[in-house]
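Scroll down for the structure; my scribbles are underneath it.
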Amino acid sequence: MTSATGALEAGARPTTVRDPNRFRVLGIVAMAQLMIVLDASVVTIALPSAQRALGISTGDRQWVLTAYTLAFGGLLLLGGRLADYLGRRRVFVASLLGFAGASALGGLAQDPAMLFGARALQGAFAAAMAPAALSLITIAFTEPHERARAFGVYGAVSGGGAALGLVAGGVLTEYLSWRWTLLINVPIAVVVAVAAVRLVRESRVDGTPRYDVRGTLTSTAGLVLLVYGFTRAASDGWGSALTVGLLSTAVAVLALFVVLEQRASHPLLPLRVVLDRNRGGAFVASLLVGIAMFGTFLLLTYYLQGTLGYSALRSGFAFLPFSGGIIAGASLASQVLPRVGPRIPLVAGLLAGAAGLALFTQLAPGSGYVLHVLPAEILTSVGLGVAFVPMSSTALIGVDAGDAGVASAMVNTTQQVGGSLGLALLNTVASSSTASYVAAHGGAADVLPTALVHGYTTAFAISTLLLGVAVLLTTVIVQASRHDIPATTDLGVAA
């Protein structure tokens, strides 16, 4: 589910000379992409153990995931620009080493703040690494059929890496320590960086670098304030002065970002990219999917380990059908999309995903995995797998060549940003609902297991509602036909 920038820029010269190291470059990029994808899932399984070890509060536990996704999504567009102008190999290697350092910092964390900060650094370096990696594939593979195969490998790593991360997180946590879910990145990143220095050739865009610093600062600050406002609502309440102040300030800063982008000569996010009807519908759907699903993964992990008593390893395997469903749904959508266009599979996939999330709202303390969790996983994952393909394709409909990288990156950006918001929002909803349930039953300790599940299912209901909204919006907004679907887009340049 990862895409990144690397659009065709003015002044870049395409090359037809085959890189003799192109398949080695593909292996290097695949390993880097695997680390990025793994880090989004491997820590999820380890989170309950990390929370106990460092004394992280229930309200703050989501920051272990949110810090990563927020930095990744918020800085991804800027990361693409840095790679284009500073040199893709240079940025790729530097971000790999930075990612390794941040991983070591997180693995050695002695308190929650140290872990949160390390995760944010990981996300920032991943935001530079991902677009550089994708551009390197395009540069190395100039022949269309070889390039298609290379992107197929890249996509397989992106899709299968999440499943591998769930199992790897369980194995490392079960037999070593939760810390190794982060420390394992260090030797891998160093080896990949050394290989990249030896085998990857440098490329960059000609011309004077142009960075939208004001846009980057205001968008990131606004999102951080919004996420922090959701988080404070768990402890202070939605009506508290601090919560209202944070959320109001967040809206004002994000509105300022829009104004600045309208006036910027080289905006971080050209508004023409998101204001197109079909593309805008795809981005909204992607944002809502991110909000709904990232928080669901977090709470389902706690349900499996805390309520059903699963070990970290067993929880990892319990999530595997979800990854399989995503792959199966995406494969189905790839066959259907050219025949019927994006609207039908997009709406149908989101509807199936909402139905699956509705099944999660029926979980109880005594629910079984096979009869209750598994059917919901399969329905949700197949539905979202079907939706992801037309969502990505619709994001490129009618886009100019110069905006192709930004449009492609926006799918991943909206998912990551949505994930950050969803983790904060749904964790807050679950915590508040649990506390309210306990208070309504006199604070008795024996109601806590039921109260926790009540909090989870309340949050799952919010997720269901969000995907329902996505169904309605895409039904109305997205009107593209099969004739509008773009051909394979050249996402990278070589110079």
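By convention here, the first residue in the shown sequence is residue 1. None of these values were measured; they are calculated from a predicted model.
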Distance-only side-chain donor-acceptor flag, [X] / [Y], under 3.5 Å:
X: T296; Y: S463; value: yes
X: S420; Y: T69; value: yes
X: S431; Y: T434; value: no

Sidechain-backbone polar pair: [X] side chain, [Y] backbone, donor-acceptor under 3.5 Å:
X: S432; Y: V429; answer: no
X: R343; Y: V478; answer: yes
X: S286; Y: A282; answer: no
X: S95; Y: F92; answer: yes
X: R279; Y: R272; answer: yes
X: E202; Y: R90; answer: yes
X: T301; Y: F297; answer: yes
X: T220; Y: L217; answer: no
X: E261; Y: P270; answer: no
X: R88; Y: L136; answer: no

Step through it carefully: locate the ring centre of F360, locate the ring centre of Y303, and say whether they are under 6.0 Å apart. no
Does some side-chain heavy atom of [Y] sit less than 4.5 Å from a side-chain heavy atom of [X]?
X: M35; Y: L96; answer: yes
X: L288; Y: L473; answer: yes
X: S103; Y: Q122; answer: yes
X: D60; Y: Q51; answer: no
X: L115; Y: Q110; answer: no
X: F460; Y: L357; answer: no
X: T44; Y: L65; answer: yes
X: T428; Y: Q62; answer: no

As an exercise, state the distance from [atom1] of [X] to [atom2] of [Y], rounded to the nearest 0.5 Å.
X: L465; Y: I291; atom1: CG; atom2: CD1; result: 11.0 Å
X: F125; Y: N185; atom1: CZ; atom2: CG; result: 13.0 Å
X: E377; Y: L300; atom1: CD; atom2: CG; result: 6.0 Å
X: L247; Y: Y228; atom1: CG; atom2: OH; result: 12.0 Å
X: L421; Y: T414; atom1: CG; atom2: OG1; result: 11.0 Å
X: I477; Y: T394; atom1: CD1; atom2: OG1; result: 12.0 Å

Could you walk me through whether L254 and V258 pass the side-chain contact (heavy atoms from CB on, under 4.5 Å) check? CA-CA 7 Å; L254 291 174; V258 174; over 6 Å; no
Within 45 degrees of the axis of the six-membered ring of F257 and under 6.0 Å from its centre: does R214 put its NZ or CZ there? no
Result for side-chain contact (heavy atoms from CB on, under 4.5 Å) between R119 and one of L70, T66, L105, L182 points to L182
Using the six-membered ring wherever Trp is involved, compare the ring planes of W63 and F116 and label them parallel, tilted or perpendicular (cut-offs 30° and 60°). tilted
Going by the angle between their ring planes, with limits at 30° and 60°, are H454 and Y437 parallel, tilted or perpendicular? tilted
Taking side-chain hydrogen bond (donor to acceptor under 3.5 Å, both in side chains) as the test, write out the residues that go with S381, two or more places apart. none
